[in-house]
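These notes concern the structure reproduced below.
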Amino acid sequence: MTKLWGIDLGGTKIEAAVLKSKDDPTPLVRKRIETEAAKGYEHVLSNIKKLIDLVAEEVGEHPSIIGIGTPGAIDPPTGLLKNSNSQAINKKPFKKDLEALLGIPTLMANDANCFALAEAKMGIVPEVDPKAQVVFGVIMGTGCGGGIVVNGRVLNGKQGIGGEWGHNFLDASGGPCYCGKTGCTETVISGTGLENYYEQLTGTRKRLKDILPAARSGEDENAVKTLDRLVHFFGLGISTIINVLDPDVIVLGGGVGNVDELYTRGVEEAEKYTFNPRLETKIVRPKLGDSAGVFGAAFLCE
Ligand SMILES: [Zn+2]
């Protein structure tokens, strides 16, 4: 049985995991070290190698191929990493340099794709729909990412932007996005976008986790408006995915993905905008928590 090796490269931590096999994805080893991104690109590369060597010692063998979950995506024509919030590796030939250092091939996908793959392979999807063919995984947190899995494979796309619904236009009221456009989904329904909206209404900055209870109790009408905004625009935004991709299952990860109302009122709202008399798409919470990224990276090697 071939073991599956994965690395999840984050802004602060690098995590490695080895799964027993694709048919029995029991984690054999998991290990984390600091990324130390401030020390620069070469240092991050050598930290990844260091981590793999440490894990190899425990497992008793080195990998012959390894999956890497990255912040951002490899730009197919140039081979450079793009759209990454980690400045140390953005616009660098990360895949080529890492393969040269490790002496083995790597398979790379962004963190939202790895999340979707892990939940599709060994997370919530096999529980709720073992026959699912198309899975859309969403990470709604400070930003808004997404990944598509079809028949157990990540759909990276021609330009490496498959699943990036966070930068679909949703509503002009979201204002400017860091990507240079206006009204992106991320500006409207990410945690940051919702906190900005509440601040515009009240002049006060509050965390979403403090806004939500005030909305549920009804004590703060602007908090109610903020939650209503999330519910409405989540339904509208996700309906565009449903109409195009018609996935079997949608998994909602990230801090905002945890908001209970998405699974009740949010689903009803999505149904209003979906091109079907009823909504059969399963919209569910993830199962794997923080581990999804590194497990998904390992499954890239399947
Ligand atoms: Zn954008």
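In each ligand, atom 1 is the first atom listed, and ligand 1 is the first ligand listed.
Listed by first and then second residue, the ring pair (Phe, Tyr, Trp, His ring centres under 6.0 Å) pairs involving residues 173-218 are His167-Tyr178 (not counting sequence neighbours).
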*Begin from the C-alpha positions of Glu195 and Arg205 and carry the test salt bridge (Lys or Arg N to Asp or Glu O under 4.0 Å) through to its verdict.*
CA-CA 7 Å; Glu195 287 164 7; Arg205 186 93 192 162; 3.6 Å; yes
*Yes or no on salt bridge (Lys or Arg N to Asp or Glu O under 4.0 Å) for Lys31 and Glu15, after CA distance, side-chain angles and deciding distance?*
CA-CA 6 Å; Lys31 210 177 246 321; Glu15 181 168 9; over 6 Å; no
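Using a 3.5 Å distance cut-off with no hydrogens or angles, the side chains of Asp23 and Ser21 do not pair a donor with an acceptor.
At a threshold of 4.0 Å, the pair Lys272-Glu269 counts as salt-bridged, since one of the basic side-chain nitrogens sits closer than that to a carboxylate oxygen.
For Glu199, the CD atom sits in a packed shell: over 12 heavy atoms of surrounding residues, nucleotides or ligands are nearer than 6.0 Å.
If you count the protein N, O or S atoms nearer to the Zn ion (ligand 1) than 2.8 Å, you get 4.
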